[in-house]
> 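Pasting a structure here, questions to come.
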Amino acid sequence: MTVNPEGSCPADQDLAHWSQRLTQALQILDLKVDQQLVARLAAESSRAVNAQAAPVTALLVGYAAGLRAHGSSASPQESVESAADVALRLCEHGTEGGPDSEGWSSTAQ
């Protein structure tokens, strides 16, 4: 793998470029994509559940972050970090247990 002088490989550069293009196209210019966090979410959810959990987790974390950022004074980055933290805590428990196993969240209320 070739690494450029800035320390990133071409794949990282391609992903950064894609992320920038996509955020511009989606008109979410105030979001700097944390590629390491997204990769960690994908890896952890794949490990905890299965490979299909990675894109579903990314979608749901993004959706939750968007709702939070829209309805509060939280920045987009704070909203993503908060939603990602919830998802990563669930990943620690796999498909059973975890922070959603108690209270109303498991009762479809």
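Just so it is clear, the structure is predicted and the values come from calculations on it, not from any experiment.
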> Using side chain to side chain contact (heavy atoms under 4.5 Å, CB included) as the criterion, list what pairs up with Ala58, not counting sequence neighbours.
none

> I need the full list of salt bridge (Lys or Arg N to Asp or Glu O under 4.0 Å) pairs touching residues 71-87, with sequence neighbours left out, sorted by first then second residue.
Asp85-Arg89

> Sort and list the pairs that fulfil salt bridge (Lys or Arg N to Asp or Glu O under 4.0 Å) and have at least one residue in residues 25-41, not counting sequence neighbours.
none

> Using the test side chain to side chain contact (heavy atoms under 4.5 Å, CB included), find all partners of Ser82 that sit at least two apart in sequence or belong to another chain.
Arg68

> Which residues satisfy the side chain to side chain contact (heavy atoms under 4.5 Å, CB included) test with Leu26, sequence neighbours excluded?
Leu22, Ile28

> Restricting to side chain to side chain contact (heavy atoms under 4.5 Å, CB included), what partner residues turn up for Val61, sequence neighbours left out?
Leu41, Thr57, Ala83, Ala84, Ala87

> Measure across Ala51 and Pro55 and return the closest heavy-atom pair with its distance rounded to 0.1 Å.
O-CD, 3.6 Å

> Please report the closest heavy-atom contact between Ala48 and Cys91, naming both atoms and the distance.
CB-O, 3.3 Å

> When you look at CD of Gln24, are more than 12 heavy atoms from neighbouring residues, nucleotides or ligands closer to it than 6.0 Å?
yes

> If you group Ile, Leu, Val, Met, Phe, Trp and Tyr whenever their side-chain heavy atoms sit less than 4.5 Å apart, what else falls in with Leu60?
Val56

> Could you list who else is in Leu59's hydrophobic cluster, with ILVMFWY side chains joined at under 4.5 Å, directly or through other members?
none

> Taking only residues two or more places apart in sequence, or in another chain, which ones meet Arg47 in a salt bridge (charged side-chain N to carboxylate O under 4.0 Å, His left out)?
Glu44

> When clusters are formed by joining ILVMFWY residues with side-chain heavy atoms under 4.5 Å apart, either directly or through shared neighbours, do Leu31 and Trp18 land in the same one?
yes

> So, does Thr23 use its side chain to make a donor-acceptor pair with the main chain of Gln20 at under 3.5 Å?
yes

